[in-house]
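Here is the structure we will look at.
By convention in this document, chain letters (A, B, ...) are assigned in the order of the sequence lines, proteins followed by strands, and residues within each chain are numbered from 1.
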Number of protein chains: 2
Amino acid sequence: MGHQTIRNLHPLARKLRTLAPLDDYDEAAILDLPHTMRSLDASAYVVREGDEPTHCCLLVSGFAMRTKLVGDGGRQIVNFHISGDMVDLQNSMLGVADHNVQALTRIEAAFIPREAIVDIAFGRPAVGKALWIETLVEGAIQREWVANVGRRKSISRLAHLLCEFAYRLDAVGIGPECQYTLPMTQEQLADATGLTPVHVNRVLKTLDEMGLVQKLKGSVQIHDFAGLADIGDFRPTYLHLPPSVPEIHQRGNA
Amino acid sequence: MGHQTIRNLHPLARKLRTLAPLDDYDEAAILDLPHTMRSLDASAYVVREGDEPTHCCLLVSGFAMRTKLVGDGGRQIVNFHISGDMVDLQNSMLGVADHNVQALTRIEAAFIPREAIVDIAFGRPAVGKALWIETLVEGAIQREWVANVGRRKSISRLAHLLCEFAYRLDAVGIGPECQYTLPMTQEQLADATGLTPVHVNRVLKTLDEMGLVQKLKGSVQIHDFAGLADIGDFRPTYLHLPPSVPEIHQRGNA
DNA sequence: CGTGTTTTTGACTTCAGTCAATTAAAGTGG
DNA sequence: CCACTTTAATTGACTGAAGTCAAAAACACG
């Protein structure tokens, strides 16, 4: 594997560095992780419920989502993922996948053998700690989603989701301030918020009329971040981002 | 600390053993973890949102819950916890608590210094792996809760919750088959399912009329587990329990 | 262009929430 | 042990937020 290979895992190194202090050897070990690159088309499955994956999938570019299907045919999106996310630690470490991971857009992904992850985690405690923290942060996000879907009304749910996405994109350097890529369809937003597509459409219209946010095709323009965060009841603590990130959103009112 | 002390952490050893293979030294190291015992009354806080806990709380006996408060005063319970659960890995590892942990009943808890956890996790990879897996399983439960609250109707939500609780109690040996301790009030069930107490009351009545389950004070009697799992759309994969546990529920129809 | 998504809108329905009052338990202290 | 307070459960009547159904308009793309 040559110089090309080295760069593939850069998003992972970048992210883990923000989660726990890593030295140069740690970073080198991350970049050196064995892996195979694959690109997948939008809506392709990375893992399906019931699979027994042997590799961990790192999302290098593009967007992905985790989905669960319920009995009556409904679907719930339980999280979205962006560059640098280990999209499948859980499924590969737990043996059998309890949910689906799907590409949302076309993605580039690195598949890393599970053993290599375990080895680096315990061979290099700093890396292990970072991976563990990543797992914990994802848990924190899931908890916030439970609260979002369980206890907020539709307008807050959507506003909250848009705020979260803005912060997470900022943290990885995509999504320059107040206009950012939002590749989900309204149906997907509905599945993420526990609403129906029709209602998402109406709520989005309301948010627009309120002058808070404007949804364009494939992206979103936030006009008043503070206002959006307010009706979305959004406080970013649960994302456990490094202190630098939140500042970006101070200027939300363009 | 004498022989008494050794037994305190037994629930933890017991649980971690089911998550990853541990040798005798691993178990001894777990039982040897420094800790202080405390008992807390029902509804006392173990951690509050915003705290910066330095200790990890292990629930030795009793029941606890994680709660998040939303802007309009609503509360969402995002998980329940039972004996053997590390109720506060997330908050202590992530620095600042993004949610509350509260005793649901009177509890006995062991508070273990955060550094001791980190040391054992990386000094004894088998233990570390078990802890990591515990974190991942909790994430899996959170995802299922997102789907439960987001996409199931009220009767399924409650039925699902009751099934999950039955399985989790079985896994730690409390809750002998079909009658088990269910210490939550209807208000707490409502906060866990994203419903109102009034509606929970009505749904519980319906479940009773359907002959599936009967709620008594402080406990619940399941008359038809298969039927309950059916309307609850409950499949236990996401709990990632050892294969032995599920069998107990084969005899659900007493 | 034409075909297939995705978005948008309107009319109507329903599940669950709200309000309010009652009953039943569970403590508490004299 | 019993009045007294508090907390939890129950019930009914009414409301409302979000869902459903259905059709039209707007894109996206080969």
Side-chain angles (χ1 to χ4, degrees), chain A residues 41-43 65 70 72-77 102 104-106 148-161 181-209 213-221 231 233, chain B residues 41-44 63 65 70 72-77 102-106 148-161 182-209 213-221 231 233:
Chain A
D41 285 328
S43 92
M65 56 186 171
V70 303
D72 63 5
R75 179 178 78 159
Q76 178 71 40
I77 295 177
Q102 265 179 287
L104 187 67
T105 60
R106 182 174 183 77
N148 198 39
V149 162
R151 278 284 178 254
R152 294 200 182 100
K153 47 189 155 49
S154 56
I155 195 169
S156 300
R157 281 189 215 177
L158 257 173
H160 192 279
L161 185 67
T181 310
L182 188 87
M184 309 105 190
T185 64
Q186 293 183 7
E187 185 176 20
Q188 288 161 341
L189 292 174
D191 285 340
T193 49
L195 302 169
T196 54
V198 173
H199 200 63
V200 165
N201 184 275
R202 295 196 244 255
V203 172
L204 243 24
K205 191 178 166 191
T206 309
L207 286 171
D208 186 346
E209 283 163 3
V213 89
Q214 208 156 4
K215 210 211 170 285
L216 319 164
K217 64 217 138 245
S219 78
V220 72
Q221 166 88 44
I231 62 153
D233 185 30
Chain B
D41 284 329
S43 91
F63 296 85
M65 57 186 170
V70 302
D72 63 5
R75 179 177 78 158
Q76 178 72 40
I77 295 177
Q102 264 180 288
L104 186 68
T105 60
R106 182 174 182 77
N148 198 38
V149 162
R151 278 283 179 253
R152 295 199 182 100
K153 46 189 156 46
S154 56
I155 195 168
S156 301
R157 281 189 216 177
L158 256 174
H160 192 280
L161 185 67
L182 187 86
M184 309 108 190
T185 64
Q186 293 183 5
E187 185 176 20
Q188 288 161 340
L189 292 174
D191 285 340
T193 49
L195 301 169
T196 54
V198 173
H199 200 62
V200 165
N201 184 276
R202 295 196 244 254
V203 171
L204 244 24
K205 192 179 166 191
T206 308
L207 286 171
D208 188 345
E209 284 164 1
V213 90
Q214 209 156 4
K215 209 209 172 286
L216 319 164
K217 64 220 136 241
S219 78
V220 74
Q221 165 88 44
I231 63 151
D233 185 29

[X] side-chain N/O to [N] phosphate OP1/OP2 under 4.0 Å:
| X | N | answer |
| --- | --- | --- |
| B/N201 | D/dA9 | no |
| B/K205 | D/dT11 | yes |
| B/S154 | C/dA16 | yes |

Would you say the side chain of [Y] lies within less than 4.5 Å of the side chain of [X], judging by non-hydrogen atoms?
| X | Y | value |
| --- | --- | --- |
| B/Q214 | B/V220 | no |
| B/T185 | B/L189 | no |
| A/M184 | A/L182 | yes |

For this session: Working to the nearest 0.5 Å, report the span between OG1 of A/T206 and CG of A/L158.
Result: 10.0 Å
Exercise. In Å, rounded to the nearest 0.5 Å, how long is the span from OG of B/S43 to CZ of B/R106?
Worked result: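 Going from OG on B/S43 over to CZ on B/R106, the span is 11.5 Å.
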Exercise. Does anything in residues 189-199 of chain A pair up under salt bridge (charged side-chain N to carboxylate O under 4.0 Å, His left out), and if so which pairs, sequence neighbours excluded?
Worked result: A/R75-A/D191, A/D191-B/R151
Separation of [X] atom [atom1] from [N] atom [atom2], in whole Å?
| X | N | atom1 | atom2 | value |
| --- | --- | --- | --- | --- |
| B/Q214 | D/dA9 | CD | P | 15 Å |
| B/D41 | D/dT7 | CG | C1' | 16 Å |
| A/E187 | C/dT8 | CD | C1' | 15 Å |
| A/Q186 | C/dT7 | CD | P | 4 Å |
| A/K215 | C/dT6 | NZ | P | 11 Å |
| A/K217 | D/dA26 | NZ | P | 14 Å |
| B/L204 | D/dA8 | CG | P | 15 Å |
| A/R202 | D/dA17 | CZ | P | 13 Å |

For this session: Using heavy atoms to find the nearest nucleotide of DNA chain C for A/M184 and A/R151 separately, return the residue whose nucleotide is more 5′.
Result: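 It is A/M184 whose nearest nucleotide is closer to the 5' end.
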Exercise. Are B/R152 and B/D233 ion-paired here, with the side-chain N under 4.0 Å from a carboxylate O?
Worked result: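 Here B/R152 pairs with B/D233 in a salt bridge, since their nearest N and O are under 4.0 Å apart.
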Problem set entry | Interface with DNA chain C, restricted to residues 189-200 of chain A and to heavy atoms under 4.0 Å |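 A/V198, in order of number.
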